[in-house]
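I have placed the structure first, in the form of structure tokens, so that the comments after it can refer back to it.
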Amino acid sequence: MRRKFHIISLLLLLTAHAVAQQNNKVQNRPYLDLRPFHYGFSFGLHQQSIIMPNSGYIDPETGQQWWVSNDNFSPGFTVGLIGEWRINQYLGFRLLPTMHFASKHITFREQTTGQLDYQEMKSTYIVLPANLKIAAPRHNNYRPYVITGVNAMYDLTTKDQANIAVKPLSLNFEIGMGCDYYLPFFKFCPELKFCFGFNDILKTDRSNLNDKSKEVFTKAVKEAHSAMVVLTFHFE
């Protein structure tokens with residue numbers, strides 16, 4: 001009986017070893033993550049939006065009440081660089097100087113008459129994200145991770161004479177996820193990230209407006225916050 005038990009145990013160990021051998025593959029670039037610093041570049045797509053809760057303001061002279069919404073979204077283009085500092089086996093600190101190019105479509109609707117007005121808000125952002133990367137253990141040639149951090153965005157194309165004007169500087173919280181794929185000559189990392197602005201970017205001082213009737217649009221908005229979804233492909 002004991003001999004049969006030993007034979008069964010040996011067969012189970014051999015089977016487990018064979019399965020492990022099948023699951024283990026030759027690792028590409030096995031020492032890449034051991035470097036204290038590494039660099040790369042990225043490009044991708046993103047979608048910008050601006051969150052603008054309405055104030056309910058009614059113009060005392062005309063009785064008009066305008067509602068403002070960012071009702072149309074179009075994808076934008078993203079390009080940037082990556083610099084990552086290895087903290088330990090599972091943590092890394094990343095700086096990703098990036099540029100975002102896109103536009104936002106704003107619709108203004110008067111509640112009584114249904115009158116409409118529109119604004120195309122084009123943006124060219126210079127962005128400096130600072131992210132903490134938290135990675136799982138590497139399995140063969142892939143390694144999932146999550147990121148969190150903050151960024152500062154500066155808009156180079158703000159316009160003072162538009163219906164709604166925004167401040168150029170926006171501060172944002174970031175959270176996202178991705179996966180490192182280790183290829184023979186480089187590491188490929190698709191990443192999905194969500195950005196939420198926490199400072200009010202609405203420009204309320206419109207004293208420089210040439211057309212003072214446009215002030216009603218600014219007063220119709222309580223505050224404004226940037227938001228963005230970014231799909232990026234990193235090459236390291």
Side-chain angles (χ1 to χ4, degrees), residues 39-53 68-84 93-108 116-131 133 147-176 178 189-211 214-215 217-218 220-236:
Y39 309 93
F41 67 92
S42 62
F43 68 88
L45 300 173
H46 73 277
Q47 182 174 283
Q48 299 179 12
S49 65
I50 183 168
I51 301 170
M52 297 180 293
V68 185
S69 62
N70 180 192
D71 61 349
N72 191 9
F73 304 94
S74 57
F77 180 68
T78 297
V79 61
L81 300 173
I82 308 164
E84 181 171 328
F93 177 75
R94 301 200 303 183
L95 291 176
L96 303 98
T98 307
M99 293 194 73
H100 297 307
F101 308 90
S103 63
K104 300 175 283 289
H105 186 268
I106 311 298
T107 297
F108 306 87
L116 296 174
D117 204 338
Y118 304 97
Q119 178 179 339
E120 196 72 22
M121 189 179 290
K122 295 184 179 181
S123 298
T124 300
Y125 284 116
I126 295 178
V127 190
L128 183 60
N131 290 164
K133 178 180 177 181
I147 57 165
T148 185
V150 295
N151 75 43
M153 301 196 307
Y154 192 87
D155 191 353
L156 300 175
T157 55
T158 56
K159 295 182 178 180
D160 287 338
Q161 299 302 319
N163 292 351
I164 294 286
V166 295
K167 302 170 186 175
L169 181 62
S170 175
L171 304 176
N172 300 267
F173 169 72
E174 298 188 336
I175 189 168
C189 319
E191 179 182 289
L192 181 64
K193 183 164 61 176
F194 302 89
C195 308
F196 308 96
F198 52 78
N199 68 312
D200 183 5
I201 60 173
L202 180 66
K203 186 178 289 187
T204 55
D205 182 9
R206 307 304 308 278
S207 57
N208 61 343
L209 268 176
N210 297 329
D211 184 358
K214 290 185 177 181
E215 289 183 347
F217 298 122
T218 300
V221 178
K222 183 179 179 181
E223 57 189 7
H225 297 271
S226 61
M228 192 178 298
V229 179
V230 187
L231 175 62
T232 315
F233 302 99
H234 302 304
F235 296 84
E236 302 177 24

Quick check for you: to the nearest 0.5 Å, what is the distance between [X] atom [atom1] and [Y] atom [atom2]?
| X | Y | atom1 | atom2 | result |
| --- | --- | --- | --- | --- |
| M121 | S49 | CE | OG | 11.5 Å |
| L231 | L45 | CG | CG | 6.5 Å |
| H46 | C195 | NE2 | SG | 9.5 Å |
| S226 | H100 | OG | NE2 | 10.0 Å |
| F194 | T148 | CZ | OG1 | 13.0 Å |
| M228 | N172 | CE | CG | 7.0 Å |

(request) Dump the intermediate steps for side chain to side chain contact (heavy atoms under 4.5 Å, CB included) on T204 and V221, then the final yes or no. (result) CA-CA 9 Å; T204 55; V221 178; over 6 Å; no

(message) Using the rule given for side chain to side chain contact (heavy atoms under 4.5 Å, CB included), can you reason through F101 versus V79, listing the C-alpha separation, both sets of side-chain angles and the distance that settles it, and then say yes or no?
(response) CA-CA 9 Å; F101 308 90; V79 61; 4.3 Å; yes

(request) Could you tell me which residues satisfy side chain to side chain contact (heavy atoms under 4.5 Å, CB included) with L128, sequence neighbours excluded, listed by chain and number? (result)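 So L128 forms a side chain to side chain contact (heavy atoms under 4.5 Å, CB included) with P97.
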
(request) Check side chain to side chain contact (heavy atoms under 4.5 Å, CB included) between Q47 and all other residues, then give those that pass, not counting sequence neighbours. (result)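 Q47 satisfies side chain to side chain contact (heavy atoms under 4.5 Å, CB included) with F73 once adjacent residues are dropped.
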
Mind checking whether [X] and [Y] have side chains closer than 4.5 Å, heavy atoms only?
| X | Y | value |
| --- | --- | --- |
| Q161 | L209 | yes |
| D117 | F217 | yes |
| N163 | V68 | no |

Using modelled atom types only, decide if a donor and an acceptor are shared between the side chain of [X] and the backbone of [Y] within a distance under 3.5 Å.
| X | Y | answer |
| --- | --- | --- |
| D155 | T124 | yes |
| D200 | H225 | no |
| N70 | I50 | yes |
| N199 | L171 | yes |

(request) Answer yes or no: is there an ion pair linking R94 with E174, defined by an N-O contact shorter than 4.0 Å? (result)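 A salt bridge is absent here (no side-chain N lies under 4.0 Å from a carboxylate O).
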
(message) The criterion is salt bridge (charged side-chain N to carboxylate O under 4.0 Å, His left out); which residues satisfy it with K133, sequence neighbours excluded?
(response)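 Per chain and number, K133 pairs via salt bridge (charged side-chain N to carboxylate O under 4.0 Å, His left out) with E84, D180.
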
(request) Using the test salt bridge (charged side-chain N to carboxylate O under 4.0 Å, His left out), find all partners of D211 that sit at least two apart in sequence or belong to another chain. (result)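 For D211, no residue satisfies salt bridge (charged side-chain N to carboxylate O under 4.0 Å, His left out) once neighbours in sequence are set aside.
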
Heavy-atom closest contact ([X] atom, [Y] atom, distance):
| X | Y | answer |
| --- | --- | --- |
| V166 | T158 | O-CG2, 3.6 Å |
| L96 | H234 | CD2-CE1, 3.8 Å |
| K203 | T218 | O-CG2, 3.7 Å |
| I201 | S170 | CG2-CB, 3.9 Å |
| S103 | E120 | OG-OE2, 3.1 Å |
| K122 | T157 | O-OG1, 2.9 Å |

(message) Show, in sequence, the C-alpha distance, side-chain angles and deciding distance for K193 and N131, and conclude whether the side chain to side chain contact (heavy atoms under 4.5 Å, CB included) test is met.
(response) CA-CA 11 Å; K193 183 164 61 176; N131 290 164; 3.8 Å; yes

(request) Please list, chain by chain and in numerical order, all residues satisfying side-chain hydrogen bond (donor to acceptor under 3.5 Å, both in side chains) with K104, sequence neighbours excluded. (result)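 K104: side-chain hydrogen bond (donor to acceptor under 3.5 Å, both in side chains) contacts with Q48, S123.
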
(request) May I ask you to decide if the ring planes of F173 and F196 are parallel, tilted or perpendicular, using 30° and 60° as cut-offs? (result)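 Rings of F173 and F196: parallel, as their planes differ by under 30°.
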
(message) Would you call the rings of F233 and F43 parallel, tilted or perpendicular, taking 30° and 60° as the class edges?
(response)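 Rings of F233 and F43: tilted, as their planes differ by 30° to 60°.
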
(message) Could you work out, with ring-ring contact (aromatic ring centres under 6.0 Å, His included) as the rule, every residue matching F41, not counting sequence neighbours?
(response)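 F235.
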
(message) Would Q119 and I164 count as a side chain to side chain contact (heavy atoms under 4.5 Å, CB included) here? Give the steps.
(response) CA-CA 8 Å; Q119 178 179 339; I164 294 286; 3.7 Å; yes

